[in-house]
Each structure stands twice: as structure tokens, then as C-alpha cells.
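The structure under discussion appears below in the form of C-alpha cells.
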Amino acid sequence: MELQLSYRLETIATLVPDGARLLDVGSDHAYLPIALIEAEKIAFALAGEVVKGPYESAVSNVRDYKLQSQITVRLANGLEALESSDQIDCITICGMGGRLIVEILEKGKDKLADVDCLILQPNNREDDVRAWLAANGFAIDKEVVLKDKGKFYEIIRAQKGEMSLSDDELRFGPYLMKESSAIFTEKWQVECAKLEKALSRVPLDKAKERAQLIEKIDRIKEVLK
Ligand code: SAM
């Protein structure tokens with residue numbers, strides 16, 4: 001029974017270091033841990049899920065794949081899933097809003113001492129995620145932007161280390177900006193068009209609101225030059 005991951009999850013899987021002991025936070029079907037164990041890329045994973053229905057679906061999938069000895073599923077909020085005896089060294093938090101990812105990391109940051117690698121895929125507010133990493137002793141070493149079923153996603157991988165980022169790097173991603181791939185350009189052209197449409201609807205007397213939108217549009221145009 002081969003598990004076919006979405007292109008997004010498949011790309012996240014490629015960023016997990018070989019042999020990692022992984023915690024996947026918000027592991028609704030445990031698809032990512034199952035695929036990584038099936039591919040023998042890793043030998044142990046913890047799947048954490050806070051909502052009962054998705055937790056039960058993760059438990060049942062792990063049972064169907066007969067991977068109970070390699071994947072532990074826990075009903076837990078964020079990094080509360082993590083016990084020091086699990087010896088987790090890599091955490092994935094994917095498919096959630098950036099602010100929720102930051103909240104999970106901030107609440108559980110005392111549990112990150114032995115964690116070397118964070119792989120985060122916020123659905124929005126990537127700038128907040130990068131700012132949290134920079135302020136909490138993590139340095140980005142890899143970023144990917146992709147399009148899956150018509151939606152753009154950014155994946156951010158960070159290791160322990162120091163980094164300081166400019167406002168543009170927080171917003172656009174230090175590596176993504178430098179690489180400036182075709183998908184990166186497309187993502188920001190789409191965003192720019194949305195902002196221009198929003199601007200066209202803001203009355204001329206709302207100067208502050210217009211100025212904020214114009215500033216955002218100008219930054220995108222500058223970065224895409
Ligand atoms: N990570 C999977 C992915 O990327 O496809 C699932 C994404 S799904 C949209 C988000 C999951 O995170 C939901 O199942 C939700 O219940 C779970 N979740 C949200 N907040 C959480 C938290 N604080 N701790 C654990 N799981 C959480």
C-alpha cells in the first residue's frame with residue numbers, strides 16, 4: 001500500500017535530514033511520518049495532534065501500515081507532545097498559519113534544547129516565522145517556494161545558529177530572494193496584482209491606508225526587478 005504524498009508534503013519530506021528523529025506537529029493523518037519511515041529515510045517519528053478526530057485518523061493510519069513500533073502518535077498541544085526520552089532532533093510544523101506556528105514554538109521553546117532542525121511550512125505570515133527563528137537562535141539554511149494545486153507554499157528549514165535579516169529578507173525569504181525562481185516571481189506578481197486591486201478600491205482621502213499599500217507594492221516591484 002504505497003502512500004502518495006501531495007507535492008507539498010513530498011517536498012517537505014525531502015528536507016528532513018536522513019536518520020532524523022522527527023516530531024511532526026499537527027500530524028492529522030500522520031502521512032509525513034508514514035512516508036518517511038516507509039522510504040527508510042528515518043527510523044522513528046512522533047506524530048502530535050491536538051484535535052481528537054485527526055488524532056484518531058493518524059492512529060488508524062499508523063496501525064494500517066503496521067508502523068506502531070516506529071511511529072508514536074500523541075494527542076497533545078504543540079510541543080507538549082515532546083518528552084525528553086524521545087530524543088527528537090527535528091521538528092516539522094506544516095500546513096498552518098504562520099502565527100500559529102510561532103505560538104507553538106514560543107510556548108514550547110524550553111523543549112528545543114536538543115532540537116537541531118526545524119522545518120516549517122506556514123500558509124501565511126512567513127515573515128513572522130522568520131522573525132521568530134532569528135530571535136530564538138535558529139538560522140535558515142534552506143527555503144523552497146512551490147505551487148501545488150494552484151496554491152503557493154513556502155517551506156523554511158532552520159538549524160541552530162545566528163542570523164539577522166533585513167525587512168525584505170523577512171518578507172521575501174533570504175534564499176528565495178537570492179534564487180528568484182520562476183515560481184517566486186509568479187507568487188509575488190500574483191500578490192502584487194492583489195495589492196494593486198485593493199489599492200484601486202481605497203478612497204483617495206484614506207492617505208495612510210493607500211501609502212501602506214503603495215509601499216508594499218513598490219517593495220515587491222523592487223525585489224522582482
Ligand atoms: N501537517 C499536515 C499537513 O501539512 O498536511 C496537516 C495540516 S492541517 C491543515 C493542520 C493540523 O494541525 C490540524 O489537524 C490541526 O488539528 C493541527 N493543529 C493545530 N494546532 C495544533 C497544535 N497546537 N498542536 C497540535 N496540532 C495542532
Side-chain angles (χ1 to χ4, degrees), residues 1-17 20-39 41-42 44-65 67 70-84 86 88-112 115 117-126 128-130 132-133 136 142-158 173 183 187:
M1 188 171 41
E2 207 194 317
L3 180 62
Q4 187 55 55
L5 290 182
S6 65
Y7 177 47
R8 174 183 62 86
L9 281 178
E10 200 183 301
T11 309
I12 292 164
T14 66
L15 299 182
V16 174
R21 288 182 66 88
L22 178 77
L23 163 62
D24 183 37
V25 177
S27 199
D28 58 354
H29 299 278
Y31 287 153
L32 183 63
I34 291 172
L36 286 163
I37 302 262
E38 288 277 284
K41 193 170 163 67
I42 64 171
F44 175 77
L46 194 56
E49 178 49 64
V50 75
V51 177
K52 200 141 183 269
Y55 159 77
E56 281 166 354
S57 129
V59 170
S60 127
N61 286 339
V62 169
R63 200 187 309 123
D64 289 350
Y65 279 85
L67 292 176
Q70 286 169 285
I71 303 177
T72 300
V73 186
R74 291 200 186 123
L75 183 62
N77 188 346
L79 303 194
E80 284 170 17
L82 192 57
E83 290 167 16
S84 58
D86 300 320
I88 294 299
D89 53 21
C90 178
I91 298 179
T92 45
I93 315 179
C94 302
M96 305 175 203
R99 287 192 168 150
L100 178 55
I101 292 179
V102 165
E103 196 185 304
I104 290 171
L105 289 168
E106 185 59 32
K107 259 196 199 159
K109 67 181 180 184
D110 55 328
K111 295 201 166 189
L112 294 176
V115 174
C117 176
L118 296 175
I119 301 171
L120 311 171
Q121 182 268 297
N123 288 339
N124 52 36
R125 298 312 307 230
E126 292 84 356
D128 288 345
V129 171
R130 293 188 182 97
W132 187 91
L133 291 169
N136 288 280
K142 176 101 188 146
E143 292 178 309
V144 178
V145 58
L146 62 92
K147 195 175 177 186
D148 190 7
K149 297 184 198 93
K151 283 177 82 174
F152 296 100
Y153 298 98
E154 292 184 18
I155 308 167
I156 302 165
R157 186 175 74 183
I183 296 288
K187 173 187 162 134

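Both counts, for ligands and for their atoms, begin at 1 and track the order of listing.
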Near Gly78, which atoms of ligand 1 are under 4.0 Å from a heavy atom of that residue? 22 (C), 23 (N), 24 (N), 25 (C)
Can you tell me which residue and heavy atom of the protein come closest to atom 1 (N) of ligand 1, and the distance to 0.1 Å? Gly26 O, 2.8 Å
Run the numbers for me: atoms of ligand 1, each under 4.0 Å from some heavy atom of Ala76, listed by number. 24 (N), 25 (C)
Answer with side chain, backbone, both or neither: which part of Arg8 has a heavy atom less than 4.0 angstrom from an atom of ligand 1? side chain
Would you say that Ile156 contacts Arg130 through its side chain, given a criterion of any heavy-atom pair below 4.5 Å between the two side chains? yes
Between Lys107 and Leu79, is there a side-chain heavy-atom distance shorter than 4.5 Å? no
Please classify the Ile93 to ligand 1 contact at 4.0 Å (heavy-atom distances, strictly less than): side chain, backbone, both or neither. neither
Do side-chain atoms of Asp89 reach the backbone of Cys117 as a donor and acceptor pair under 3.5 angstrom? no
Check ion pair Lys52-Glu56 (N to O, under 4.0 angstrom): yes
To which of Met96, Glu80, His29, Glu49 does the heavy atom nearest atom 16 (O) of ligand 1 belong? Glu49
List ligand 1 atoms under 4.0 Å from Val51, heavy atoms only on the residue side. 16 (O)
Please confirm whether the backbone N or O of Asp28 pairs with a side-chain atom of Ser57, one donor and one acceptor, at under 3.5 Å? yes
Under 3.5 Å, side chain of Lys111 to main-chain N/O of Leu82, donor-acceptor pair present? yes
What protein heavy atom lies closest to atom 9 (C) of ligand 1? Include the residue and the distance to one decimal. Gly95 O, 3.2 Å
Report, in ascending order of atom number, the atoms of ligand 1 lying under 4.0 Å from any heavy atom of Ile104. 22 (C), 23 (N)
Please list the nearest protein heavy atom to atom 8 (S) of ligand 1 with its residue and the distance rounded to 0.1 Å. Asp28 OD2, 3.8 Å
Mark yes or no for whether Asn61, through its side chain, and Ala58, through its backbone, hold a donor-acceptor pair below 3.5 Å. no
The closest protein heavy-atom partner of atom 23 (N) of ligand 1 is Asn77 OD1, 2.8 Å
Protein residue, atom and distance nearest to atom 27 (C) of ligand 1, heavy-atom basis: Val50 CG1, 3.5 Å
Of Ile155, Thr92, Leu133, which meets side-chain contact (heavy atoms from CB on, under 4.5 Å) against Leu120? Leu133
Determine whether a donor-acceptor pair (N or O, by modelled atom type, separation under 3.5 Å) exists between the side chain of Lys41 and the backbone of Val16. yes
Please state which protein non-hydrogen atom is closest to atom 7 (C) of ligand 1 and give its distance, to 0.1 Å? Cys94 O, 3.7 Å
Which residue and non-hydrogen atom of the protein lie closest to atom 20 (N) of ligand 1, and at what distance in Å? Leu100 CD2, 3.7 Å
